[in-house]
Amino acid sequence: MAIRYELLKTCHQTGARLGRLHTPHGIVETPAFMPVGTLATVKAMSPEELEEMDAQIILSNTYHLFLRPGHEVVAAAGGLHRFMHWNRPILTDSGGFQVFSLSKLRHITEDGVTFRSHISGEPLFIGPEKAMEIQNALGSDIIMAFDECAPYPAEREYVETSLERTTRWAERCLKAHKRPDEQALFGIVQGGVYRDLRERSARSLTALDFPGYAIGGLSVGEPKEIMYDVLEYTVPLLPDTKPRYLMGVGSPDALVEGAVRGIDMFDCVLPTRIARNGTTMTSRGRLVVRNAKYARDFSPLDPACDCYTCRNYTRAYIRHLIKSDEILGLRLTTYHNLYFLLRLMENVRQAIREDRLRNFRDEFFAQYYGQNS
Ligand SMILES: COC(=O)c1ccc(CCNc2nc3cc4nc(N)[nH]c(=O)c4cc3[nH]2)cc1
C-alpha cells in the first residue's frame, strides 16, 4: 500500500475529521494545507524553511515539469525528492487543469489533450497514459488521475460529456500506473455544480476503489456558497476511510469551511502568489504592506504571529523591501503567509480534537473578517 489513511476522530460539532496520512516519505496530520511548488520549488522558500514552519507535504505540477526541465531529467536525478532536496511527502497534480489554464491552441479528444507549450510554442500531447508516465518518473508519493476540469459556468451537457470522458480516463490511469505500491493514485470527482452529475462521478470513481479521492472542478470562479453546497452533497458519497482532497483551495475561510465539511487536504497558490505583491494574511484580515500607511509602522505584520518574519522585521521594513523589489521582501511575506495558513490548519486540528471546531470557526471569522458569520 503506497499510503494508509488513519481516521483518528470525527468532530462532534461538524463533519470534520482528524486523520493521519501515512506515506513513504512520512506522516501528514490532516486536515492539512499543501504549499504549492509548481516548478519543483515553493517560490522563494528553501526546503529547510518549509520544514521549519512545519509544512508536511507540498504539491508540484506534472504539466510544468514535463515542459521544463522534462520528467526524464528529474528521473535521472533520482526523482523529485532528490532533485529538489525535499524528503517529506509530495503530491503531483496530473496536468489536466494546467493544460487548460496555461496552454494555447489546446484540443481535447478521447485520447487526451494536444496543445502548444506556453514556453516554446511546440505542439505537445498529454493523455492518461502520458500523465502516469510523467508522474511515475517524478516519483511523487501521491499522483492524480488525468482529468478535465470543466470551466464555470458550463452547460450541463458539456459537463456530462466531460465527466464521462474523465471517468474513462481514470480507468486508463489505473491500468497505466506502473508503481501503485509506491505512489497512491487519487481519482478526481467532477460534475460541475450539478448534483446528479457529481453523484454519478463519485459513484463511478468509488467503484474503481482508488486509495484517495479529490474533488475537482471547483475553485474555478463559482461563488463560495455554491462550492460549499457541492461539498455538502459530494463528500458524503466518498468513503470515510480514505482521504478527501479539495483541489485549488484556498483562502482562510474556505479552508475552515472545507474542513467543517469533511475535507482532509487542500492546496492553493494564493498565499505564495499574493505574498509576492505584498499582500499578507494576518489574524485580523488581509494587510497590504506596500500601502503608504505602513511607511513608519514599526510593528510586526501580525502582532499575534510568532513566525521568523514577525519576530524580526517590521511592516515599515518589509514595505520598503517590497516597494524596492528586493528579493528578501517577497521571501519574508511568503514565509509569513505560509506560516499563517499552516498554523491555521494546526488550530483546526486542535479544535477537532476538542470538539469545538464550530466555535473556532466563529471566533476566527469574527477576527479575520471583522464580522460574525
Ligand atoms: C492570488 O490567487 C491566485 O492567483 C489563485 C489562482 C487560482 C486559484 C484557484 C485554483 N483552483 C483550482 N485548481 C485546480 C486544480 C485542479 N487539478 C485537477 N487535476 N483537476 C481539477 O479539477 C482542478 C481544479 C482546480 N481548481 C486560486 C487563487
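Whatever order the structure lists ligands and atoms in, that order sets their numbers, starting from 1. FYI, side chains are in, hydrogens and waters are out, and symmetry mates aren't considered; it's all heavy atoms of this structure.
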Starting from [atom], locate the nearest protein heavy atom and write down its residue, its atom name and how far away it is, to 0.1 Å.
atom: atom 23 (C) of ligand 1; result: F97 CD1, 3.7 Å
atom: atom 27 (C) of ligand 1; result: C268 SG, 3.6 Å
atom: atom 11 (N) of ligand 1; result: S219 O, 2.9 Å
atom: atom 17 (N) of ligand 1; result: D93 OD2, 2.7 Å
atom: atom 5 (C) of ligand 1; result: V269 CG2, 3.6 Å
atom: atom 26 (N) of ligand 1; result: L218 O, 2.8 Å

Q. Any donor and acceptor pair, going by atom type alone, linking the side chain of S140 with main-chain N or O of I143 inside 3.5 Å?
A.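 Flag not set: sc S140 to bb I143 has no pair under 3.5 Å.
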Closer than 4.0 Å to some heavy atom of [X] - which atoms of ligand 1 meet that?
X: S94; result: 19 (N)
X: G216; result: 21 (C), 22 (O)
X: I274; result: 1 (C)
X: I188; result: 19 (N)

Around [X], counting heavy atoms of other residues, nucleotides and ligands shown, do more than 12 lie under 6.0 Å from its [atom1]?
X: E110; atom1: CD; result: yes
X: R156; atom1: CZ; result: yes
X: R68; atom1: CZ; result: no
X: R311; atom1: CZ; result: yes
X: E155; atom1: CD; result: no

Counting only heavy atoms, which portion of [X] has something under 4.0 Å from ligand 1: side chain, backbone, both, or neither?
X: R273; answer: side chain
X: Q190; answer: side chain
X: A214; answer: neither

(Q) Would you call the rings of H336 and F340 parallel, tilted or perpendicular, taking 30° and 60° as the class edges? (A)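 Ring orientation of H336 relative to F340: tilted.
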Q.
Classify the ring geometry of H118 against Y63: parallel below 30°, tilted from 30° to 60°, perpendicular beyond 60°.
A.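 Parallel.
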Between [X] and [Y], is there shared hydrophobic-cluster membership here, with clusters defined by ILVMFWY side-chain heavy atoms closer than 4.5 Å?
X: I263; Y: I142; answer: no
X: Y294; Y: M281; answer: yes
X: L344; Y: I352; answer: yes

(Q) Please state which option from D147, N61, V99 has its nearest heavy atom closest to atom 21 (C) of ligand 1. (A)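 Residue with the shortest heavy-atom distance to the ligand atom: D147.
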Q. So between L270, T166, N277, whose heavy atom ends up nearest atom 2 (O) of ligand 1?
A. L270
Q. Could an N or O of ligand 1 be found under 3.5 Å from any N or O of G217, whether backbone or side chain?
A. yes
Q) Do V220 and ligand 1 have an N or O pair less than 3.5 Å apart? A)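 The answer is no, given that V220 and ligand 1 share no N or O pair closer than 3.5 Å.
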Q. Please walk me through it: do Y335 and Y313 pass ring-ring contact (aromatic ring centres under 6.0 Å, His included)?
A. CA-CA 12 Å; Y335 191 106; Y313 304 92; 9.9 Å; no
Q: Using non-hydrogen atoms of the residue, decide whether G96 is closer than 4.0 angstrom to ligand 1.
A: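 No heavy atom of G96 comes that close to ligand 1.
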(Q) Looking at ligand 1, would V249 count as a contact under a 4.0 Å heavy-atom criterion? (A) no
